[in-house]
There are 2 protein chains.
Amino acid sequence: MRILIVEDEPTLGQQLKSTLEQNGYAVDLSTDGEDGHFLGSTEEYDAAVLDLGLPEIDGLTVLGMWRKEGRKFPVLVLTARDSWSDKVAGLDAGADDYLAKPFQTEELIARLRALIRRASGNASSELTAGDVRLDTRSGRVTLNGEPVKLTAQEYKLLSYLMHHKGKVVSRTELIEHIYDQDFDRDSNTIEVFVTRIRKKLGADVITTIRGLGYSLDDPADAPRE
Amino acid sequence: MRILIVEDEPTLGQQLKSTLEQNGYAVDLSTDGEDGHFLGSTEEYDAAVLDLGLPEIDGLTVLGMWRKEGRKFPVLVLTARDSWSDKVAGLDAGADDYLAKPFQTEELIARLRALIRRASGNASSELTAGDVRLDTRSGRVTLNGEPVKLTAQEYKLLSYLMHHKGKVVSRTELIEHIYDQDFDRDSNTIEVFVTRIRKKLGADVITTIRGLGYSLDDPADAPRE
DNA sequence: GTCCTCAACAATCAGAATGCGCATCGAATA
DNA sequence: TATTCGATGCGCATTCTGATTGTTGAGGAC
C-alpha cells in the first residue's frame with residue numbers, strides 16, 4: 001500500500017514517513033501544496049495524509065482539486081486542534097477522516113488502516129482467501145491457522161493482492177502500489193516475490209494471467225455466478 | 001480493439017502505448033498532427049486518444065478534419081488542466097470524452113473501455129451471446145458459468161466479434177482491428193484462432209459465412225427460421 | 001434433372017519461432 | 001545475517017507459418 005503525505009513541517013513529515021514505512025507502507029512525502037497536488041494527480045496512492053495548514057496552496061484547495069479531477073483515494077486530514085471550521089470545511093471538500101494535531105502515531109496508523117480497508121470494500125480487518133488469512137492489524141499471515149513468516153516485501157505484495165481479491169492486477173500496478181516514487185520500474189522483483197509467496201503459501205494462491213498480470217482468487221466465491 | 005494515440009511528447013506517448021497494450025489493445029502511436037490525421041483517416045480504429053496541444057497541426061483541427069471526412073470512431077481528448085475553452089471547443093468539434101492532464105492511467109483505461117462499449121451500442125460491460133459471457137472489465141470469459149481460459153489473441157478476437165454481434169466480420173476487418181500497423185496481413189492466423197475458440201467454446205459460437213467472413217450470432221435474438 | 005469434376009475457400013495440424021514468466025544465484029543493502 | 005534487488009539462462013505457453021486435408025458450390029457432361 002502506498003501513501004502520500006503532504007506536510008510542510010519537515011521534521012514531522014519525515015517522522016511520519018519513517019513511521020509509516022516501518023508499518024509496511026510505501027510513502028512519498030511532499031512539503032508543499034503544489035507539489036503535493038501534482039503527485040496526487042499523477043501517481044497511484046491508496047491513501048493520503050494531508051495537512052491543512054500549508055504555505056502557497058492551502059490544503060483544502062488541494063483536496064478540492066483532487067476531487068474535482070476525480071481522484072478517489074481516501075484522504076486523512078490533519079487539522080490544528082479546535083479548529084472546528086477547518087474540520088467541517090475539510091469534510092465538505094471530500095476528506096474521509098480527520099485528526100487533530102497533536103496526535104499519537106498509533107492513532108494515525110489505525111485510522112489509515114481503516115480508511116484503506118473501507119476503500120477496498122472490506123468490512124473486516126481480516127482478509128481471507130482460501131486457506132490464507134491476513135490480519136491487517138497485526139500484520140500476520142496464517143495458512144490453515146499455522147502462522148507463516150513473510151518478509152516485508154512479501155507481505156506488501158500479498159496484502160495488495162488480498163485487498164483486490166478477484167481483480168487482475170498488472171505488474172505495473174503492483175510496482176506502483178508497493179514501491180514509492182523513486183524505484184526502477186524495469187526489474188523482475190515482482191516475479192521473484194510472487195515465486196517466494198507461492199513457495200510459502202502454495203502455488204495456487206496466486207494465478208498468473210499471461211500477458212496481463214496476476215490475480216488472487218478465493219475458491220470460496222469462485223463457482224457459478 | 002485497436003487504438004490510435006496522437007501525443008507529441010514521446011515519453012508520455014510510449015508510456016500510454018505500453019499501458020494500453022498491456023490491457024489487450026493494439027496500439028498505433030503518432031507524435032504529430034499531420035501523421036496522426038493520416039493514420040486516423042486511412043486505418044481502422046476503435047478509438048483514438050488525442051492530445052490537443054500538438055505542434056504543426058492543432059489537435060482540434062485534426063479532430064475536425066476526421067469528423068468532416070466522416071470518421072466516426074470515438075475520440076478521447078487530452079487537455080491541459082483547467083483549460084475550459086479547450087474542453088468546450090473539443091466537445092464542439094466532436095470529441096466524445098475528455099481528460100485533463102495530468103491523469104491516472106487507470107482512469108484513461110476505464111474511459112476508453114466505456115467509449116468503445118458505447119460505440120458498439122452496448123449498455124453493459126458484460127457481453128453475452130448464447131451460453132458465452134465476456135466481461136470486458138475483468139477480461140474473463142465464461143461458458144455456462146464455467147470460466148474458460150483464453151489466450152490473449154483468442155480473447156481479442158472473441159471480444160471484437162462480441163462487440164459486433166450479428167454483424168458479418170471479414171477476415172480483413174478482424175486483422176485490422178486486433179493487430180497494429182506493422183503486421184503481415186497475408187497469413188491465416190485468424191482461421192487458426194477461430195478454430196481454437198471453437199474448440200474451447202463450442203463450434204456453433206462462430207458462424208462462417210463463406211466468401212465474406214465470420215459472424216457471431218446470439219440464438220436468443222435470432223428470429224425463427 | 002442428376003451426377004461428377006474442379007476450383008476456391010476454409011479448417012486443421014504440426015513444427016518453428018517467439019517471448020513471457022520462472023527459478024536461481026550473486027551482489028548490494030540495512 | 002536476513003532481506004532485497006537485478007541479471008541470466010532455461011522452459012514452456014503462445015503465436016505464427018506453411019502444408020495438408022476437408023468442404024462448398026458452380027459448371028459441364030450425360
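Proteins come first, then strands; the chains are lettered A, B, ... in the order of their sequence lines, and each starts at number 1. Below, all heavy atoms of this structure are taken into account, side chains as well, without hydrogens, waters or symmetry copies.
Scanning for side-chain contact (heavy atoms from CB on, under 4.5 Å) contacts around B:S18 gives an empty result, with sequence neighbours left out. By the ring-ring contact (aromatic ring centres under 6.0 Å, His included) test, A:Y45 pairs with no residue at all, sequence neighbours left out. By the side chain to side chain donor-acceptor pair (under 3.5 Å) test, B:T208 pairs with B:R198, sequence neighbours left out. Evaluation of the side-chain contact (heavy atoms from CB on, under 4.5 Å) rule for B:V192 yields B:N188, B:R196 as partners, not counting sequence neighbours. For B:L143, the side-chain contact (heavy atoms from CB on, under 4.5 Å) partners two or more places apart in sequence, or in a different chain, are B:D131, B:V132, B:V148, B:L201.
Of the residues in residues 203-210 of chain A, A:T208, A:R210 come within less than 4.0 Å of DNA chain C through at least one heavy atom, sorted by number. Contacts with DNA chain D (heavy atom under 4.0 Å) in residues 148-161 of chain B: B:T151, B:A152, B:Q153, listed by number. DNA chain C lies under 4.0 Å from at least one heavy atom of each of the following residues of residues 194-202 of chain A: A:T195, A:R198, A:K199.
Counting 5' to 3', DNA chain C first comes under 4.0 angstrom of a heavy atom of chain A and last does so at the ends given by C:dG19 to C:dT24.
Pairs of residues two or more places apart, or lying in two chains, that qualify as salt bridge (Lys or Arg N to Asp or Glu O under 4.0 Å) and include a residue from residues 22-31 of chain B are B:R2-B:D28. Residue pairs meeting the salt bridge (Lys or Arg N to Asp or Glu O under 4.0 Å) criterion with at least one member in residues 114-129 of chain A, sequence neighbours excluded: A:E126-A:R133. Identified under the ring pair (Phe, Tyr, Trp, His ring centres under 6.0 Å) test for residues 138-160 of chain B, with sequence neighbours left out: B:Y160-B:H164, B:Y160-B:H177.
In this structure, the side chains of A:T207 and B:K149 stay at 4.5 Å or more apart for every pair of heavy atoms.
Residue B:S187 places at least one side-chain N or O under 4.0 Å from the OP1 or OP2 atom of D:dT17. For the OP1/OP2 pair of D:dC5 and a distance below 4.0 Å, the side-chain nitrogens and oxygens of A:Y179 include at least one atom meeting the criterion.
Whole-Å rounding puts the A:E191 CD to D:dG6 P distance at 13 Å. The CD1 atom of A:I190 sits 13 Å away from the C1' atom of D:dG6 (whole-angstrom rounding). Computed from coordinates, the A:F193 CZ to D:dT3 P distance equals 11 Å when rounded to whole Å. As rounded to whole Å, 15 Å separates atom P of D:dT15 from atom CG of B:N188.
Evaluated for a side chain to side chain donor-acceptor pair (under 3.5 Å) with A:Y214, the options A:R171, A:K167, A:E173, A:E191 yield exactly one hit, A:R171.
The two residues B:R113 and B:T136 make their nearest non-hydrogen contact at CD-O, 3.4 Å.
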Can you check side chain to side chain contact (heavy atoms under 4.5 Å, CB included) on B:I116 and B:H163, steps first, answer last? CA-CA 9 Å; B:I116 292 172; B:H163 273 91; 4.1 Å; yes
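Electrostatic pairing of A:K101 and A:E7 counts as a salt bridge here, judged by a charged N lying under 4.0 Å from a carboxylate O.
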